[in-house]
J.: 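Questions regarding the structure given below will be posed in turn.
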2 protein chains.
Amino acid sequence: MDELDSALVQLLQRDARQTNRELARQLGIAPSTCLERVRSLERRGVIRGYHAEIDTAALNRGVQAFVAVQIRPLSRTVIDSFTEFVAGLPQVVSAFVVAGGDDFLIHVAVQDLDHLHAFLVDRLSRRREIISYRSSVIYQQAHNTVLAALDEP
Amino acid sequence: MDELDSALVQLLQRDARQTNRELARQLGIAPSTCLERVRSLERRGVIRGYHAEIDTAALNRGVQAFVAVQIRPLSRTVIDSFTEFVAGLPQVVSAFVVAGGDDFLIHVAVQDLDHLHAFLVDRLSRRREIISYRSSVIYQQAHNTVLAALDEP
DNA sequence: GCCTCCCACCGAACTTCGTTCGGAAACGAG
DNA sequence: CTCGTTTCCGAACGAAGTTCGGTGGGAGGC
C-alpha cells in the first residue's frame with residue numbers, strides 16, 4: 001500500500017470505468033504495470049468491487065429515512081436474525097448495529113411517505129424483538145465519494 | 001426506463017467493470033445496442049457514476065460511528081454552512097439533514113476511538129451552532145449493494 | 001565493494017473490446 | 001396500409017486489455 005496504490009485507489013473511487021491506459025497515463029506508469037497493481041489491490045481485498053451509482057429517483061424512491069430501533073434481548077442470535085431479516089427487505093439501503101441508546105440504525109429508501117409508514121407498520125413492527133423504534137425522514141444528503149487513507153495513528 | 005434498462009442498472013450496480021460485450025451477452029442483445037442503452041442512462045442521469053468500493057481497513061479507518069447533532073438556529077444559512085463544513089472533513093463519509101429530534105446525522109470513519117474522540121472534541125464541538133451531539137459507534141454493518149426499482153405507488 | 005537474487009517495471013505482440021455507421025426491423029400515428 | 005420514427009443489429013476499424021520475455025535497481029550475503 002504505497003503512494004502509487006493510494007493514488008490508484010483514489011482514481012478508481014472517483015471513476016471506476018476509466019480505461020487502464022488512462023489510469024496508467026495519469027500515474028505516469030506503463031499500462032501493464034498499472035494493470036498488475038489493480039489486480040494486486042483486488043487480490044488483497046483492498047478493492048472490494050466496482051459499483052454504478054444510481055439516481056434514487058429513477059428507482060422510484062422519493063423518500064429516504066433513518067429508523068433507529070431498539071431490540072431485546074441483545075443476544076447474538078436475535079441480532080443476527082434481525083440483521084438478516086432487515087438486509088433482505090428491498091426498501092433497506094443499509095443497516096448498522098450500533099452502541100448507545102439505539103441498537104440498530106436502518107437506512108431505508110421508499111416511494112413516498114405512505115410507503116414509509118406502511119413499511120414501519122406492516123414490516124418492522126411485526127418483529128417481536130423490537131421494543132421501540134423512531135424514524136427520521138432525510139431532507140438532504142451529502143456523500144463523500146472519494147475517501148483518502150488517514151495518517152497513521 | 002423499461003425492463004432492459006432495469007436489468008442493465010442492476011448488472012452495473014453489481015459489477016461496474018464488466019465489459020460491454022459481457023453485459024450484452026447477459027441481456028441477449030447486441031453490444032452496440034447495449035452501449036447505446038448505457039450511454040442513454042448516463043445522459044439521462046440515471047447512472048450518476050461508477051465507483052470502486054474500498055476496504056475501510058485499507059484506508060486506515062478501523063472505527064466508524066454515527067454522530068447525531070442538533071444545531072440552532074435552523075435557518076438555511078446555518079444549515080448550508082454546517083453542511084459544507086462537515087462535507088469537507090476527511091473523516092466524514094456522509095452527512096444527512098434529518099427531521100425528528102436530531103438535525104444532522106453524520107457518518108464518520110476514523111483510525112480508532114482516540115481519533116473519534118479527538119474528532120468530536122477538536123473539530124465538531126468548535127462549531128458554535130451546535131447545541132448538542134451524541135455519537136454511536138458502529139459494531140456491524142450490512143450494505144445492500146444492488147437496489148431494485150420499487151413498484152409504482 | 002562486489003556478486004547474486006528478487007521484485008517491480010517496461011514494451012512489444014496478440015487478443016479482445018469499444019465505437020461507429022449503414023441498413024433492417026419493429027412500432028405507432030394517421 | 002403507409003409513412004415516419006425509433007430501436008436494434010452486424011460488420012469494420014481503431015483502441016484497449018492482457019501476456020510474457022527481458023531489463024534495471026535495490027537488498028542481502030560474502
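In what follows, every chain begins at residue 1, and chains take the letters A, B, ... in the order their sequences are listed.
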J.: Apart from B:Leu35 itself, which Ile, Leu, Val, Met, Phe, Trp or Tyr residues share its cluster (side-chain heavy atoms under 4.5 Å, direct or through members)?
T.: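 Besides B:Leu35, the hydrophobic cluster comprises nothing; the residue is isolated.
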J.: Of all nucleotides in DNA chain D that come within under 4.0 Å of a heavy atom of chain A, which is furthest toward the 5' end and which toward the 3' end?
T.: D:dA16 to D:dT19
J.: Can you list everything that forms a salt bridge (charged side-chain N to carboxylate O under 4.0 Å, His left out) with B:Arg134? Sequence neighbours excluded, please.
T.: B:Asp102
J.: Which salt bridge (Lys or Arg N to Asp or Glu O under 4.0 Å) pairs, counting each pair once, include a residue from residues 63-91 of chain B, with sequence neighbours left out?
T.: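 Checked against salt bridge (Lys or Arg N to Asp or Glu O under 4.0 Å) - neighbours excluded - the pairs reaching residues 63-91 of chain B are B:Arg72-B:Asp103.
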J.: Mapping A:Asp2 and B:Ser32 onto DNA chain C by nearest heavy atom, which one lands closer to the 5' end?
T.: A:Asp2
J.: With sequence neighbours left out, what residues match B:Arg127 under salt bridge (charged side-chain N to carboxylate O under 4.0 Å, His left out)?
T.: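 For B:Arg127, the residues satisfying salt bridge (charged side-chain N to carboxylate O under 4.0 Å, His left out) (neighbours in sequence not counted) are B:Glu129.
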J.: Assess, by modelled atom type and distance only, whether the side chains of B:His115 and B:Asp112 contain a donor and an acceptor separated by less than 3.5 Å.
T.: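 Distance-only check passes for B:His115 and B:Asp112.
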J.: In residues 33-54 of chain B, which residues come under 4.0 Å of DNA chain C by heavy atom?
T.: B:Leu35, B:Arg39
J.: Sorted by first residue and then second, give each salt bridge (Lys or Arg N to Asp or Glu O under 4.0 Å) pair with at least one member in residues 23-32 of chain A; sequence neighbours left out.
T.: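 The answer is A:Glu22-A:Arg25.
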J.: Going by side-chain hydrogen bond (donor to acceptor under 3.5 Å, both in side chains), name the residues that satisfy it together with A:Tyr133, two or more places apart in sequence or in a different chain.
T.: none
J.: Take the protein atom CG of A:Leu8 and the nucleotide atom C1' of C:dA8, then report the distance between them rounded to whole Å.
T.: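 In whole Å, C:dA8 C1' lies 15 Å from A:Leu8 CG.
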J.: Are the side chains of B:Ile130 and B:Ser125 in touch, meaning some heavy atoms are under 4.5 Å apart?
T.: no
J.: Check the surroundings of atom CZ in B:Arg14: do more than 12 heavy atoms from other residues, nucleotides or ligands lie under 6.0 Å from it?
T.: no
J.: In chain order, what residues pass the ring-ring contact (aromatic ring centres under 6.0 Å, His included) check against A:Phe96, with sequence neighbours excluded?
T.: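 A:Phe96 satisfies ring-ring contact (aromatic ring centres under 6.0 Å, His included) with B:Phe66, B:His107 once adjacent residues are dropped.
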J.: So A:Val108 and A:Leu89, do their side chains get closer than 4.5 Å, heavy atoms only?
T.: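 Not touching, per the 4.5 Å side-chain cut-off.
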J.: Report for the helix from C:dG1-D:dC30 to C:dG30-D:dC1: angle between first-end and last-end helix axes, five pairs each, rounded to 10 degrees.
T.: 40°
J.: Among residues 12-23 of chain B, which contact DNA chain D at a heavy-atom distance under 4.0 Å?
T.: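 DNA chain D contact set from residues 12-23 of chain B: none.
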J.: Taking only residues two or more places apart in sequence or in another chain, which ones pass side-chain hydrogen bond (donor to acceptor under 3.5 Å, both in side chains) with A:Arg37?
T.: A:Asp2, A:Asp5
J.: Report the C-alpha distance between B:Glu42 and B:Arg39 in whole Å, list the side-chain angles of each, state the deciding distance to 0.1 Å, and finish with yes or no for salt bridge (charged side-chain N to carboxylate O under 4.0 Å, His left out).
T.: CA-CA 5 Å; B:Glu42 291 170 352; B:Arg39 290 278 186 272; 3.8 Å; yes
